[in-house]
**Student:** 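A single structure is presented below for examination.
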Amino acid sequence: DQNNNNDQQDADEVKEGCEQLYEASAKCEAGLSGSIQYPDNSGCNFMQGIKIIRKNGNVYSVGSSKNKTATVFIGLFGAGFVLLAGYSYYLKTKLERAKINLSE
């Protein structure tokens, strides 16, 4: 076949970096015990914590909750930013009005 440049004869190889990342990653192979001799279930608890449930087309993540402390700090930061921007605009306009032409 000319589309893949006659690449059927040689064995496909995985890049060493990808192979090392895969070997070090956490896996949940609990349902694959029949096809894998030594299944790795080290990542099953983590994956259960990030499970996504779809209801009526909406996506909900299980176990996620709002952090009230973070919400308060975000609000304070946003309000402070707006107040600081307003004050800097006030000072800028005050300086523009206070310019005196000394050359006259």
Side-chain angles (χ1 to χ4, degrees):
D1 185 27
Q2 295 299 324
N3 292 335
N4 58 8
N5 299 323
N6 296 321
D7 193 27
Q8 294 89 3
Q9 287 78 23
D10 63 341
D12 293 329
E13 296 181 14
V14 177
K15 296 282 186 185
E16 185 177 349
C18 295
E19 185 176 359
Q20 290 174 352
L21 285 173
Y22 176 76
E23 288 173 358
S25 67
K27 299 167 192 66
C28 183
E29 301 170 336
L32 303 174
S33 60
S35 60
I36 296 178
Q37 189 173 5
Y38 301 107
D40 181 5
N41 297 323
S42 61
C44 290
N45 287 338
F46 174 74
M47 290 180 198
Q48 286 294 328
I50 59 170
K51 186 185 287 187
I52 304 244
I53 298 173
R54 297 178 187 263
K55 292 182 179 178
N56 300 328
N58 296 325
V59 178
Y60 298 97
S61 59
V62 177
S64 67
S65 62
K66 295 180 183 176
N67 188 340
K68 292 182 182 184
T69 306
T71 304
V72 167
F73 278 110
I74 289 170
L76 289 173
F77 178 75
F81 180 78
V82 169
L83 290 172
L84 189 61
Y87 185 65
S88 64
Y89 179 75
Y90 167 75
L91 290 177
K92 177 188 170 285
T93 56
K94 188 175 180 180
L95 281 174
E96 287 175 352
R97 282 185 266 139
K99 286 186 181 178
I100 299 173
N101 190 358
L102 297 176
S103 64
E104 291 181 7

**Student:** Could you tell me the separation between the NZ atom of K94 and the OH atom of Y87, rounded to the nearest 0.5 Å?
**Tutor:** 7.5 Å

**Student:** Check this for me: does any side-chain nitrogen of one of E19 and K15 sit under 4.0 Å from a carboxylate oxygen of the other?
**Tutor:** no

**Student:** For residues A26 and S42, report the shortest heavy-atom separation together with the two atoms involved.
**Tutor:** CA-OG, 3.9 Å

**Student:** Distance-only, no hydrogens or angles: does the N41 side chain make a donor-acceptor pair with backbone N or O of C28 under 3.5 Å?
**Tutor:** no

**Student:** Does any N or O in the side chain of K27 come within less than 3.5 Å of the main-chain N or O of Y22, such that one atom is a donor and the other an acceptor?
**Tutor:** yes

**Student:** Looking at CG of L83 and OH of Y90, how far apart are the two atoms once the value is rounded to the nearest 0.5 Å?
**Tutor:** 14.5 Å

**Student:** How about CD on E96, more than 12 heavy atoms from neighbouring residues, nucleotides or ligands closer than 6.0 Å, or not?
**Tutor:** yes

**Student:** Do Y38 and E29 come within less than 4.5 Å of each other through their side chains, counting heavy atoms only?
**Tutor:** no

**Student:** Once rounded to the nearest 0.5 Å, what's the spacing between atom CG of L21 and atom CD of E16?
**Tutor:** 11.0 Å

